[in-house]
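Letters A, B, ... are given to chains in the order of the sequence lines, protein chains preceding strands, and every chain is numbered from 1. Values below: all heavy atoms of this structure, side chains included; hydrogens, waters and symmetry mates excluded.
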Amino acid sequence: MFGKLTLEALNHEMSQNLAVISMVLGGIAMIALITYLKRWKWLWKEWLTTVDPKRIGIMYIIVSLIMFMKGFADALMMRLQQALSVGASHGFINANHFQEVVSAHGTTMIFFVAMGVMFGLLNLIIPLQIGARDVAFPFLNALGFWLFTAGGMLTLVSLVVGSFSATGWLAYPPLSELEYSPNEGVDYWIWLVQIAGVGSTMSGINFFVTILKMRCYGMSLMKMPIFTWSALCAMVLVIFAFPILTATLALLALDRYMGMHFFTASHGGNPMMYINLIWAWGHPEVYILMLPAFGTFSEVVPTFSEKRLFGYTSMVWALIVITVLSFVVWLHHFFTMGASPNVNAFFAIMTMLIAIPTGVKIFNWLFTKFRGKVHFDTPMLWFFAFVLNFTIGGMTGILLSAPPVDFQVHNSLFLIAHFHGMVIGGVLFGFFCAFTYWFPKFTGFMLNERLNRYAFWCWFGGFLLAFMPLYMLGFMGATRRLDHYDASTGWQPLFIVVGVGAIIIMIGASLQVIGLFTSFLDRKNNRDGTGDPWNGRTLEWSIPSPPPFYNFAIVPTVDQLDPLWAKKRGKEPPQKDYEDIYMPKNTPVGFLIGMLCIVFGFAMTWHIFWLALICIVAIIACLIARLSGEDEHDIFKAAEIKAMDEALRKGHKRV
Amino acid sequence: MSHELSLHECQKKWHGSLKSYLYGFFGSLALTAITFSLVLFEGLSGNALIYTVVFLALMQAVVQLVFFLHLGREEKPKIESMVFCFMILILLIISLGSLWVMNDLNARMMPKMEMNHD
Amino acid sequence: MSKRLRDCSPLNWATGCAKAPGLDRSKVAPYYNIGALSIVQPRELSRVPVAQFSGEQSLMIHHTADPNPDLGFPDPHQDSFSKNVLGFWIYLMTDCLIFATLFVTYAVLHGSTFGGPSSKDLFELPTAFAETMILLCSTLTSGLAMLAAVKSKTKQILIWLTLTFLLGASFIFIELSEFSHFIREGHGPQKSAFLSSFFTLVGTHGLHVSVGLFWMLVITFQLLIAGLTPATFRRLVIFSMFWHFLDLVWIFIFTFVYLLGVA
């Protein structure tokens, strides 16, 4: 009746129990707070059923923040264990649990933090930058968000009920096959990644069509901001890479659920095929994360240098070349699997080639700042941290792209240091840059500059302390995912340094959260009334902060790059007049399907097939209900919009 | 968005015609018949057969893409066609790349006792 | 040197020495001077009736599909039809890649029979030929349904759609018979990597066809209740794209799996 689920699933070790208790208490606290503030109806009407990309973007970032706390807790546990577990001591986590923590850390950070903040940014910024009122498929966009959240929630559920997979963030077979991982961990992993992946594909299709079909008057492709270009290229990567993940995970699921033999060690299965396919997805995935971060810097650097971006055309071409090349380098993730020298050499050369357009971009940013008037606000500080850390990480990447070197350091801590340099130094610092830059736009008040600077220095110093020693450890022979080692290796001092670095990062992250709270509490004094606190160049700074639900009262007409700077110089082309606005109605279907997916994933994991079937039927019913009938919109007459717009200009609170 | 097309305007935007469907149908029919006969009655053999059959399949795919899916008939900018071409590029990279890689890996890494028919 | 050139280094000449206007931020003219606005802007804002505007003509710019659109620039007044068609086309592209992954897996694993039967031993061409013909005819009938839709002949649409459904259902029936025949003979998907990849590739296509069958039922229902509207027409177009796509994939299945498997 309950499949494989028994009460035994709730039996955990002490450290896990603590996590479970804190999570459950946190959930209860949240529910209590909402009830106390009597905000359930508001939550439902304004947030859970919304199709407004601005709200969906904020929700993406909130969910990512929650998942970041889990992923970071995993990281702290790992580093603490590795600092303590030497020789006779075995730390405080046993070997199997450590592998679960490792797998959860990677899965959470890639799928639910990095992808989440990336899609959150796209939701917030893209419609505004292209002068649109909405995305192309508002419901699909919302559905993509709720599927993402469903995956995240399943990750948290796996903490409470049963255990997570112990096979790393990519679940290599044959270890992840039934024979060697018979319990529910890998099944949890398969379903939560699959659900989140389908959500990502939906969002990818949505933003691709949005950018191509919904730009404002006069905005040709070569007049789009570079952030929009980077989003377009990232969405191309999503559309063409995620199907590979969907198919490959389905094959692994068939192996585990139907006893098939795609990747098993017997009956003709070929585990190497899984690794080949998963990395054919996996490499474009990291570029999906990276390109919007690049786009952010292309927005921040010119604005804070008071100078137009250097080499717009070459930036666009660099993005396109990176997009195409990212599909031909995937083998560098498994040089050591045993391919012949010719195969390895081909992919090595392709990998080295991809450094060229990346270098073009970095030099263009630096040339933009040359002879510019550079303002060292927090977004610009994050750019500097990015340049240093990402370049170091990138250069070690070039080192790794040489197969002979890779044979020495593959799967050692050297590799860990490299990719964390890219993901933290590139993606995360890019997100922090974007967050501090665009925060005033969506909230109407400025962030606490001092606390964010302290947080920045903690992150910067902490990152260097936590990851530079890993390069050394890698050369000294330390492999990844190691929960215990011998004292004679001499690694412990370095692991302790790394642990200290992780704690400093924790202080930085805490300062950011505190800064967020103090800024919110102090918002009346921090208010930005202009909608444009940084002297912005692009369209999103031409509307009030926070933006009204229709974004633009008049759809803009542009005729050049940096349209807002043109407007400030008085060189704006004639604009259209007010017109009726059709906005899509809210819908509960996205939220419902998301919740049904959580139950579905849980049911499939525990083999409660009757429940899974009910969920599928319910999901189909929801979709049919949503996709029947005529398209409904709320209509706002031009005169209403005109009145509202003029009132906003005069600073009135209400129309 | 602000304005929806009427039913009539939507119908005008669709690109099919009876001629197009009949060309597609009889073209596919002919190509299928030829291919099946070649294999069933062993008209060719070995590599020649393989190349011919694959070529005929690609021809039929083009026929169906043009006459059934109306590829290339959309208004400018022809986003659908561009996306299709890019998809073909990625598809070739992934499939041919994977075949190359897996063949190489199988030759070097798979147990020799298994006689693989290829 | 003129002030303009002095401010402009050689590196900037290429970009036109573009500098930001208004270096002093406090002097940047605010476009919006907002009072105390809350973070969340409730839609109720616009629902407050503004009495003096009731009865006034809408200021809407009448927008119809421009007969001579300037194709160099995008038009933000995109109608749902072309947007949805493009969006669905992109989905079909992702589906192509899913099938490509399954095809590649089949190609890599088709020789791994683990001592069991190979494609030569198992596949029967007459069955594959029958399935091909049925699917081809169903593609034609779905196209004829679309032609009827363009002429707004709802009854004809339903007739052709029913034919398509029957043909599709017979395709599924034959395929399921083939599968169950193999399984009864002991050649199920659990027996070898080759069989796993065969059943999955062909089965995934069959699953898509089954979804199409169900979709046809839903569309029929919608047509009976709501008739032909811009929304139902659009959904018919998208369904026909899906159905044609399935025949396209089948070409590659019967070529690479059945024909080359037997040859």
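- In terms of heavy-atom pairs under 4.5 angstrom with chain B, the leader among Val85(C), Val262(C), Val249(C), Asp247(C) is Asp247(C).
- The contact between Phe254(C) and chain B is made entirely by side chain atoms (from C-beta outward), counting heavy-atom distances below 4.5 Å.
- Nearest heavy-atom pair across Cys10(B) and Pro230(C) is SG-CB, 4.4 Å.
- Using a 4.5 Å cut-off between heavy atoms, Phe256(C) touches chain B through its side chain atoms alone.
- Residue Thr132(C) touches chain B through its side chain alone, counting heavy-atom pairs closer than 4.5 Å.
- Both the backbone and the side chain of Ala128(C) have a heavy atom closer than 4.5 Å to some heavy atom of chain B.
- Contact of Ser17(B) with chain C is made through the backbone alone, with heavy-atom distances under 4.5 Å.
- Leu92(C) is not listed as a side-chain neighbour of Phe84(B), based on a closest heavy-atom distance of 4.5 Å or more.
- Taking every heavy atom of both residues into account, Cys96(C) and Leu91(B) meet most closely at O-CD1, 4.3 Å.
- At least one side-chain heavy atom of Ile79(B) sits under 4.5 Å from a side-chain heavy atom of Leu86(C).
- Contact annotation for Phe252(C): only side-chain heavy atoms (C-beta onward) come within less than 4.5 Å of a heavy atom of chain B.
- Note that the CG atom of Leu147(C) and the CH2 atom of Trp14(B) stand 4.5 Å from one another [nearest 0.5 Å].
- Ring planes of His244(C) and Tyr21(B): tilted class, angle from 30 to 60°.
- For Leu99(B), the side-chain contact (heavy atoms from CB on, under 4.5 Å) partners two or more places apart in sequence, or in a different chain, are Ala107(C), Val108(C).
- For CE of Met133(C), the number of neighbouring non-hydrogen atoms (other residues, nucleotides, ligands) closer than 6.0 Å is greater than 12.
- In terms of heavy-atom pairs under 4.5 Å with chain B, the best-connected choice from Thr229(C), Leu228(C), Ile90(C) is Leu228(C).
- Residue contact with chain B, scored on non-hydrogen atoms closer than 4.5 Å, is absent for Thr101(C).
- Heavy-atom pairs under 4.5 Å with chain C were tallied for Leu29(B), Leu49(B), Thr35(B); the largest tally goes to Leu29(B).
- You'll find the side chain of Leu38(B) stays beyond 4.5 Å of the side chain of Leu259(C), heavy atoms only.
- Between the CE atom of Met93(C) and the CD atom of Glu80(B) there is a distance of 9.0 Å, given to the nearest 0.5 Å.
- Using a 4.5 Å cut-off between heavy atoms, Phe86(B) does not touch chain C at all.
- Within the model, atoms CZ of Phe55(B) and OG1 of Thr255(C) stand 13.0 Å from one another, a figure rounded to the nearest 0.5 Å.
- Put simply, CZ on Arg234(C) and NZ on Lys13(B) are 12.0 Å apart, with the number rounded to the nearest 0.5 Å.
- How far CG of Leu65(B) is from CD1 of Ile251(C): 8.0 Å, rounded to the nearest 0.5 Å.
- Both the backbone and the side chain of Leu125(C) come within less than 4.5 Å of a heavy atom in chain B.
- The candidate with the highest count of non-hydrogen atom pairs below 4.5 Å against chain B, out of Trp243(C), Phe245(C), Phe81(C), Tyr258(C), is Phe81(C).
- Residue contact with chain C, scored on non-hydrogen atoms closer than 4.5 Å, involves the side chain of Leu71(B) exclusively.
- Of all heavy-atom pairs between Leu248(C) and Gln64(B), the closest is N-OE1, 3.5 Å.
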